[in-house]
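Below: the structure, in structure tokens.
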Amino acid sequence: MSETVMELKHINKFFGSTQVIHDVNFKVQKGDFVTLLGPSGCGKTTILRMIAGFYEPDSGEIHLAGRQIERVPPYARNTAMVFQEYALFPHMTVFENVAYGLRVRHTEDSVVKKKVGEALELMQLLGMEDRYPNQMSGGQQQRVAVARALVMQPDVLLLDEPLSNLDAKLRESVRVELRSIQQKMGLTTIYVTHDQQEALSMSDSVIVLQKGFLRQQGKPHEIYFAPRTPFVADFIGTTNLIKVNGDDALLVGYDEDTVLQADAVCPKGEHTLSIRPESIRLSEKPSPSATDNIMPVTVVRSMFLGEKMRYFVQDRKGQEWIADIFDPGRKIYEGEVYMLFAADRTHVIEEDD
Ligand SMILES: Nc1ncnc2c1ncn2[C@@H]1O[C@H](COP(=O)(O)OP(=O)(O)OP(=O)(O)O)[C@@H](O)[C@H]1O
Ligand SMILES: [Mg+2]
């Protein structure tokens with residue numbers, strides 16, 4: 001059974017006269033890995049800092065482990081935060097950096113030694129106890145920063161883009177490591193990133209933010225295949241956003257000759273569909289199944305990307321679509337072809353931006 005360990009209720013935050021967080025509400029289940037995702041400046045760090053206690057919300061409530069904490073000072077909350085700029089103490093060794101929080105809590109020496117040892121082992125830093133931060137690579141320093149947070153066994157671990165300074169390969173491996181440690185420890189984690197891949201691959205739940213508004217919270221596949229706004233659809237990967245005329249039915253009007261079958265009833269009026277490029281197939285002959293949408297299109301250009309061929313095609317209305325054909329081999333579509341996509345991949349977007 002899931003259990004809510006943290007909740008934000010109607011959180012608003014101003015800097016001066018500018019409102020940067022607008023009525024944000026979300027819940028976090030115990031042991032979950034939750035990602036805050038959104039473009040630069042959307043308010044991710046601000047939300048994390050309010051949870052940690054470094055900023056106070058102007059209004060709203062934050063509940064953590066059965067306590068209301070939005071006015072509680074940072075040291076009196078059981079949170080641990082890894083900052084975007086990971087901020088190790090330069091004059092302290094790795095061991096003392098990791099031990100810092102425990103020392104502040106007057107933890108007994110033998111316990112400090114044991115806990116720091118465990119955290120260093122988890123982050124694969126054993127043998128580096130006596131080094132100083134400037135004697136380590138950026139990636140190692142980021143792992144020290146994570147160890148320093150883990151050792152506190154917080155009610156919630158707050159990570160602000162902790163892998164930003166790693167190269168692509170190392171980032172991938174630390175990502176896997178971090179996720180497995182988090183799961184092993186059952187540690188509730190809020191993770192900030194603006195990398196969609198990272199959010200989709202690591203999270204139990206993803207929260208998408210835009211300009212200080214929470215646009216959607218859901219499981220990775222829900223956010224990906226059932227985005228609630230065009231912004232969410234477009235921010236999580238590439239998609240085709242297509243304007244249609246709804247009529248309170250599963251069938252929606254696209255142009256004079258075409259109706260499309262959608263994945264849900266589309267209300268009356270103008271709405272947007274989202275169809276992912278990888279959900280589209282191309283064919284030289286019109287051979288749809290009963291659940292396929294089909295449309296004649298013209299190939300405008302194509303791009304070979306290794307694992308797939310990306311086609312830019314144009315329909316009779318002049319609308320351009322992207323279609324990704326995986327494992328393309330030597331087959332290249334040209335000229336007039338048919339585009340097919342399943343009704344359950346033809347997603348009606350509920351709201352407009
Ligand atoms: N201390 C501050 N004083 C005034 N404005 C601030 C302050 N901190 C952040 N802001 C503004 O609040 C908004 C949200 O900033 P925040 O740092 O939360 O964004 P972010 O989503 O973490 O972005 P990034 O991905 O670039 O780290 C931005 O417009 C930013 O300029
Ligand atoms: Mg930030």
Side-chain angles (χ1 to χ4, degrees), residues 6-26 28 33-62 64 69-71 73-74 77 79-88 138-139 141-143 145-146 148-149 154 156-168 171-172 174-175 178 189-203 205-218 220 223 227-237 353:
M6 199 182 85
E7 183 168 6
L8 270 66
K9 292 185 186 172
H10 303 293
I11 294 292
N12 288 289
K13 176 71 185 163
F14 289 78
F15 286 117
S17 59
T18 311
Q19 186 163 6
V20 299
I21 300 296
H22 300 261
D23 193 35
V24 162
N25 296 279
F26 64 85
V28 175
F33 191 104
V34 177
T35 299
L36 300 180
L37 178 68
S40 187
C42 72
K44 304 180 295 293
T45 297
T46 303
I47 290 176
L48 226 52
R49 283 177 164 266
M50 288 192 284
I51 297 169
F54 301 113
Y55 292 153
E56 255 187 40
D58 288 280
S59 61
E61 297 176 5
I62 303 176
L64 178 64
I69 59 159
E70 73 277 355
R71 311 276 169 229
R77 310 179 178 197
T79 57
M81 179 154 168
V82 174
F83 293 91
Q84 206 161 357
E85 53 290 337
Y86 52 94
L88 297 177
Q141 291 182 48
Q142 282 194 316
R143 302 216 299 269
V146 174
R148 187 172 59 175
V156 62
L157 174 65
L158 306 168
L159 302 172
D160 196 351
E161 308 220 26
L163 311 183
S164 55
N165 282 21
L166 310 190
D167 65 58
R171 196 181 164 102
E172 172 89 42
V174 176
R175 193 192 278 177
L178 192 61
T189 302
I190 302 185
Y191 186 90
V192 163
T193 184
H194 53 248
D195 180 329
Q196 305 86 302
Q197 283 290 334
E198 201 159 285
L200 293 175
S201 64
M202 293 181 84
S203 315
S205 177
V206 178
I207 291 171
V208 183
L209 297 161
Q210 179 193 19
K211 296 178 182 162
F213 290 91
L214 189 158
R215 295 301 186 200
Q216 190 167 0
Q217 176 173 16
I223 299 277
R228 285 188 46 219
T229 74
F231 170 81
V232 173
D234 206 35
F235 192 71
I236 312 276
D353 279 334

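Note: hydrogens, waters and symmetry copies are ignored here, and every other heavy atom, side chains too, is used. Ligands are counted one by one from 1 in listed order, and the atoms in each one are counted from 1 as well.
Nearest protein neighbour of atom 6 (C) of ligand 1, counting heavy atoms only, is Phe15 CD1, 3.2 Å. Ranking protein heavy atoms by distance to atom 26 (O) of ligand 1, first place goes to Ser40 OG, 2.5 Å. Among all non-hydrogen protein atoms, the one lying nearest atom 12 (O) of ligand 1 is Val20 CG1, 3.3 Å. At the shortest separation from atom 25 (O) of ligand 1 among protein heavy atoms lies Lys44 NZ, 2.8 Å. Nearest protein heavy-atom contact of atom 27 (O) of ligand 1 is Gln84 NE2, 2.9 Å.
Annotation: side chain of Val208 is in contact with side chain of Ile223 (closest heavy-atom distance under 4.5 Å). Looking at Val24 and Lys13, their side chains never come closer than 4.5 Å, going by heavy atoms from C-beta outward. Side-chain contact check for Glu198 versus Tyr191: some heavy-atom pair is nearer than 4.5 Å.
Nearest heavy atom pair, residue Phe235 against residue His194, reads CZ-O, 4.1 Å.
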Next item on the list: Would you please test Thr193 and Met202 for side chain to side chain contact (heavy atoms under 4.5 Å, CB included) and show each step?
Entry: CA-CA 11 Å; Thr193 184; Met202 293 181 84; over 6 Å; no
Checklist line | side-chain hydrogen bond (donor to acceptor under 3.5 Å, both in side chains) between Arg228 and Gln216, intermediate numbers included | finding: CA-CA 7 Å; Arg228 285 188 46 219; Gln216 190 167 0; 5.6 Å; no
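Below 4.0 Å from some heavy atom of Tyr55 lie the following atoms of ligand 1, by number and element: 1 (N), 8 (N). Counting the atoms of ligand 1 from 1 in the order shown, those under 4.0 Å from a heavy atom of Thr46 are 14 (C), 15 (O), 16 (P), 18 (O). Per-residue contacts place Glu161 under 4.0 angstrom from the following atoms of ligand 1 (heavy atoms of the residue considered): 25 (O). The distance from ligand 1 to the heavy atoms of Thr45 drops below 4.0 Å at these ligand atoms: 17 (O), 18 (O), 20 (P), 22 (O), 27 (O).
Note: Tyr55 and Phe15 have perpendicular aromatic rings, judged against thresholds of 30 and 60 degrees for the angle between ring planes.
When distances from atom 30 (C) of ligand 1 to the protein are checked, no heavy atom turns up under 4.0 Å. Distance screen at 4.0 Å: atom 3 (N) of ligand 1 has a protein heavy-atom neighbour inside the cut-off.
By the 6.0 Å contact criterion, NE2 on His22 is enclosed, its count of non-hydrogen atoms from other residues, nucleotides or ligands being greater than 12.
Aromatic ring centres of Phe54 and Phe83: separated by under 6.0 Å.
For Gly38, the heavy-atom gap to ligand 1 stays at 4.0 angstrom or more.
Only one option out of Ile47, Asn12, Leu214 pairs with Ile21 in a side chain to side chain contact (heavy atoms under 4.5 Å, CB included); it is Ile47.
The Mg ion (ligand 2) has an N, O or S atom of Thr45 under 2.8 Å away, backbone or side chain.
Counting heavy atoms under 4.0 Å from ligand 1, residue Phe14 does not touch it at all.
For ligand 1, one of its N or O atoms has an N or O atom of Gly41 under 3.5 Å away.
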